[in-house]
4 protein chains.
Amino acid sequence: MSTINLMADGQRIGRPLAADSARTRQRILDVARQLFAARGYESTSNRIIAEEAGLTTGAIYYYFDKKLDIFAAVHDDAQRTVYERFDAAVEGLDTFVDRLRAVLECAHDLNNEDPSLAQFLGSCRVDAARDATVAAAIANNRPGRHRSFFNDLISFGISTGEIDESQRDIHSALFRTITTGLVDAVSGDRAHHRNAVDGIMGLVEGRLVRAPGRAWPQPASPQEQPAG
Amino acid sequence: MSTINLMADGQRIGRPLAADSARTRQRILDVARQLFAARGYESTSNRIIAEEAGLTTGAIYYYFDKKLDIFAAVHDDAQRTVYERFDAAVEGLDTFVDRLRAVLECAHDLNNEDPSLAQFLGSCRVDAARDATVAAAIANNRPGRHRSFFNDLISFGISTGEIDESQRDIHSALFRTITTGLVDAVSGDRAHHRNAVDGIMGLVEGRLVRAPGRAWPQPASPQEQPAG
Amino acid sequence: MSTINLMADGQRIGRPLAADSARTRQRILDVARQLFAARGYESTSNRIIAEEAGLTTGAIYYYFDKKLDIFAAVHDDAQRTVYERFDAAVEGLDTFVDRLRAVLECAHDLNNEDPSLAQFLGSCRVDAARDATVAAAIANNRPGRHRSFFNDLISFGISTGEIDESQRDIHSALFRTITTGLVDAVSGDRAHHRNAVDGIMGLVEGRLVRAPGRAWPQPASPQEQPAG
Amino acid sequence: MSTINLMADGQRIGRPLAADSARTRQRILDVARQLFAARGYESTSNRIIAEEAGLTTGAIYYYFDKKLDIFAAVHDDAQRTVYERFDAAVEGLDTFVDRLRAVLECAHDLNNEDPSLAQFLGSCRVDAARDATVAAAIANNRPGRHRSFFNDLISFGISTGEIDESQRDIHSALFRTITTGLVDAVSGDRAHHRNAVDGIMGLVEGRLVRAPGRAWPQPASPQEQPAG
DNA sequence: TATGAATGAGTGTTCATTCAT
DNA sequence: CATGAATGAACACTCATTCAT
């Protein structure tokens, strides 16, 4: 613990006397997430992962059997982080709209804290669609986690009466569209992401489009009218 | 579905007796669009394009100077097709909501007619984000066309009074989110795409989420209540 | 003859009504000589020869069976031109030194008239050394012509008493060295070529290097002392 | 003379037990020098370099980033070797003629020891003339070294009075012609090279050509009459 | 005569992966 | 734990050549 190998200056470490295996592994995952997010699976070479992590390509193989395993590990990490936060965000909220708002705000916060997280998950969906072996590598946990979270959210909306049971599939497709769009279209720009989140809530609360010749609809419930 | 010895119309190829240059070029563009859409730019090799088009790799270079030029040509094709249809779809409609519905229905129709169109454009956005040279190759016309179309649509909504001027940026980000989401999340499945389109219009018309304890809001204007 | 296809402006000719086969063939040889001279055999593609000659690659094959045949034809042309001039230059001169001077001046004039001639012959020697099939293609006439011309010149020098019989091989190697050097080292620059020719004659006539502490030697024969 | 499984010293290669990186790199440079000399830059494929060095093409790229870098490295090696020997050869000699003779003898010795050295440098000049990227790759040190060495030699001759100042450019062009000729015309044959060197010194010392009807000139200065 | 379309072998180069040390 | 050396299959692209028209 007294022999931490400083990497801040980007200098290559030699052969550290007490290298911390877990820390090196995490370093690989961190740089890999950013690289996969920015360039995709195929265009991210092991060489550049190794370089950015201050290693040689060979060393990577001490931690992961193959490139695909790095990708899967990065995915598991990201997936866990996101849904732990989502779960925490909706906890204790009583209405579907509140929970929806909480999830969107949470997504916005996450995107601000570490843009590579959302970007990786978006990139990852593309790579899975493009390459069956990539899809297989993350199949164990990916769509399930996303789908079940939002299906639960819809079920909750039905239970509160805010959503009609007959509209379940429509809501499901809508969620997929919107969450994907948030990640793919605006996660790279904070202001756009903010606007998109506001827009979604505006649509949901009917504050965004009025019929021609009509006044704006009254807010759904006066005590929770948003300022924006 | 390999097309090594047969063209789409069943004509023999190989050392064709009366080779139709334009048709071969279009065949290259067609298979390239599908391959780029499915596997992305980098993972689509010239070899597989050639194979699917019933040619050898060398022959590709008779029609295009380099791989990137194929990509750019496919993109121009797709871009032109989509926005010609979009322009036609909104023509003569008097309200923003009508135009929005028309655009979404048009997108849905296009997606049914040739799923590779939307998929390519979505794939293409990803490839441009991942690789600067790809971005440069389509820079002349890509974001402009999309952005200007939807900006015009928003302006129209403002002119009719359906959208508040102050919300322009929010609508802009929302459109980007939704159109991207439609392409990236549900264009591969007709039913999902249908549901997503219905969901968006449902949100816009306030038919999708009600406040707890409230009745569904009345349709915006009775005479134009949508059936779906 | 009234329908000459003007090429001066570099415009591609269509399908000339009365194409002159011999003239086209010569055009190919002319551009090929310059290209082979500048870039060598291997780096000169049929495509660029065709382009520069205002043809397509296919058309080349009407005139020549293969690329190597173009090279051989260019070589025969150049070889003939040079040695006809050399033969004419030495004719009627009575001393070896006069003949040598005449040959060098002739080489200098040729180099000024069409630099691609000497350059091609230099280039050609290199290509023959580098590639056995190229060597074979010009074997019928190449080294023979050069060698026999200069061997004759040496024999003439022996017959006049200017050269000692025992030095024949030395003169032979020296000629090869000097003529190759002129082509390879200085044919690209008129002034350098001029200086080199003057230098060779200066050496031969003993005007270029004196022993330290000695005066310049008297000119070999007063009546023909060169001005330069 | 393929060296697929055996190195020059008979050591086994392949997946070597104690791979000596520096030795492998030198082996690449050695075979590359011979191949570049014999076939030129363009016609020497990485595949054949690798084969002759007992490697696969991929392995080459562990040592050099690109083919041109191999060429540049070979060139630097050869350049250094030659001019170190030339510098040593002329050191301590008092007259221009002695120095010239020493340089030519040194060139002859080098050519006997490793013919590929001179041949590469000749080949290299041709490749640089033919291809601008090759020229650029060796631009840092090539013509400078050659030119400055011989310019210094001429200056020395002027300082001793053996050369007239006004003839500097002529000597310079002559040196370029002769050294190029030695390499390009006769370096492939020891006897020819020997004869050419003797011929040059014979010319310089006025022993090679006499005026018709005159006796051979007396040696320049009795005490330093050359044996050869 | 000449074109236009195509082939197939070749090029330099990159990459995931292996493994002795 | 990590390196350094190597493999072999892939990739984008070029080229001499062919041949129906």
Side-chain angles (χ1 to χ4, degrees), chain A residues 12-21 24-25 42-50 54-63 65-68, chain B residues 13-21 24-25 42-50 54-68, chain C residues 12-21 24 42-50 54-68, chain D residues 13-21 24-25 42-50 54-68:
Chain A
R12 177 77 59 82
I13 57 177
R15 194 180 291 207
L17 293 178
D20 185 344
S21 177
T24 301
R25 195 187 128 100
E42 168 136 348
S43 298
T44 299
S45 65
N46 280 337
R47 187 179 58 65
I48 200 179
I49 294 176
L55 297 168
T56 58
T57 52
I60 298 274
Y61 285 82
Y62 177 80
Y63 295 95
D65 279 352
K66 45 195 203 306
K67 191 186 168 190
L68 202 47
Chain B
I13 60 171
R15 194 73 70 78
L17 294 179
D20 185 343
S21 181
T24 302
R25 195 189 128 100
E42 168 138 349
S43 298
T44 299
S45 66
N46 281 336
R47 187 181 56 68
I48 200 177
I49 294 176
L55 296 167
T56 56
T57 55
I60 299 277
Y61 287 84
Y62 179 77
Y63 295 95
F64 300 94
D65 278 351
K66 46 191 201 308
K67 190 186 170 191
L68 203 48
Chain C
R12 177 79 57 85
I13 57 178
R15 193 179 293 209
L17 294 178
D20 184 345
S21 177
T24 302
E42 168 135 348
S43 297
T44 299
S45 66
N46 281 337
R47 187 178 59 64
I48 201 179
I49 293 176
L55 297 167
T56 57
T57 53
I60 297 275
Y61 285 81
Y62 177 79
Y63 297 94
F64 300 95
D65 279 352
K66 46 195 204 307
K67 191 186 169 189
L68 202 47
Chain D
I13 61 171
R15 195 71 71 76
L17 293 180
D20 184 344
S21 182
T24 302
R25 196 188 128 100
E42 167 139 349
S43 297
T44 299
S45 66
N46 281 336
R47 187 182 55 68
I48 199 177
I49 293 176
L55 297 167
T56 56
T57 55
I60 298 277
Y61 287 83
Y62 179 78
Y63 296 94
F64 300 94
D65 279 350
K66 46 194 201 306
K67 189 188 171 190
L68 203 47

Peer 1: Mind calculating the distance between NZ (Lys66(B)) and C1' (dT14(F)) to the nearest angstrom?
Peer 2: 15 Å
Peer 1: Rounded to the nearest Å, what distance is computed from the CG atom of residue Leu55(A) to the P atom of nucleotide dA2(F)?
Peer 2: 6 Å
Peer 1: Taking all atoms of both residues into account, what is the closest heavy-atom pair of Glu42(D) and Lys67(D), and its distance?
Peer 2: O-NZ, 3.6 Å
Peer 1: Looking only at side-chain atoms of Ala59(A), point me to the closest of dC13(F), dT3(F), dT7(E).
Peer 2: dT3(F)
Peer 1: Does dG4(F) have OP1 or OP2 under 4.0 Å away from a side-chain N or O of Ser21(D)?
Peer 2: no
Peer 1: Please report the distance, rounded to the nearest Å, between OH in Tyr62(A) and P in dC19(E).
Peer 2: 17 Å
Peer 1: How many Å lie between CZ on Arg25(D) and C1' on dG4(F), as a whole number?
Peer 2: 15 Å
Peer 1: Ile60(D) CD1 to dC15(E) C1': how many Å, rounded?
Peer 2: 17 Å
Peer 1: If you round to the nearest 0.5 Å, how far is OG1 of Thr56(B) from CG of Asn46(B)?
Peer 2: 11.0 Å
Peer 1: Find the distance Tyr61(D):OH to dG8(F):P and express it as a whole number of Å.
Peer 2: 17 Å
Peer 1: Using side chain to side chain contact (heavy atoms under 4.5 Å, CB included) as the criterion, list what pairs up with Phe64(B), not counting sequence neighbours.
Peer 2: Arg25(B), Ile28(B), Leu29(B), Asp69(B), Ile70(B), Ala73(B)
Peer 1: So, is Thr24(D) close to the dA6(F) phosphate, meaning a side-chain N or O under 4.0 Å from OP1 or OP2?
Peer 2: yes
Peer 1: Which protein N or O atoms sit under 3.5 Å from an N or O of nucleotides 9-11 of chain F?
Peer 2:
unit_1	atom_1	unit_2	atom_2	d
dC11(F)	OP2	Arg47(B)	NE	3.3

Peer 1: Calculate the interatomic distance between Ile48(D) atom CD1 and dG12(E) atom P; express it in whole Å.
Peer 2: 11 Å
Peer 1: Looking at the side chain of Tyr63(C), which of dT1(E), dT17(F), dA6(F) is the nearest nucleotide?
Peer 2: dT1(E)
Peer 1: Atom CZ of Arg47(C) and atom CD1 of Ile49(C): how far apart are they, to the nearest 0.5 Å?
Peer 2: 11.0 Å
Peer 1: Using Watson-Crick pairs (N1 to N3, plus N6-O4 or O6-N4) and G-U wobble pairs, both distances under 3.5 Å, which stems of at least 3 pairs involve DNA chain E?
Peer 2: E:2-21 with F:2-21
Peer 1: Mind calculating the distance between CD1 (Ile49(B)) and P (dA12(F)) to the nearest angstrom?
Peer 2: 8 Å
Peer 1: What is the minimum heavy-atom distance between Thr57(C) and Ala50(C), and which atoms define it?
Peer 2: N-CB, 3.7 Å
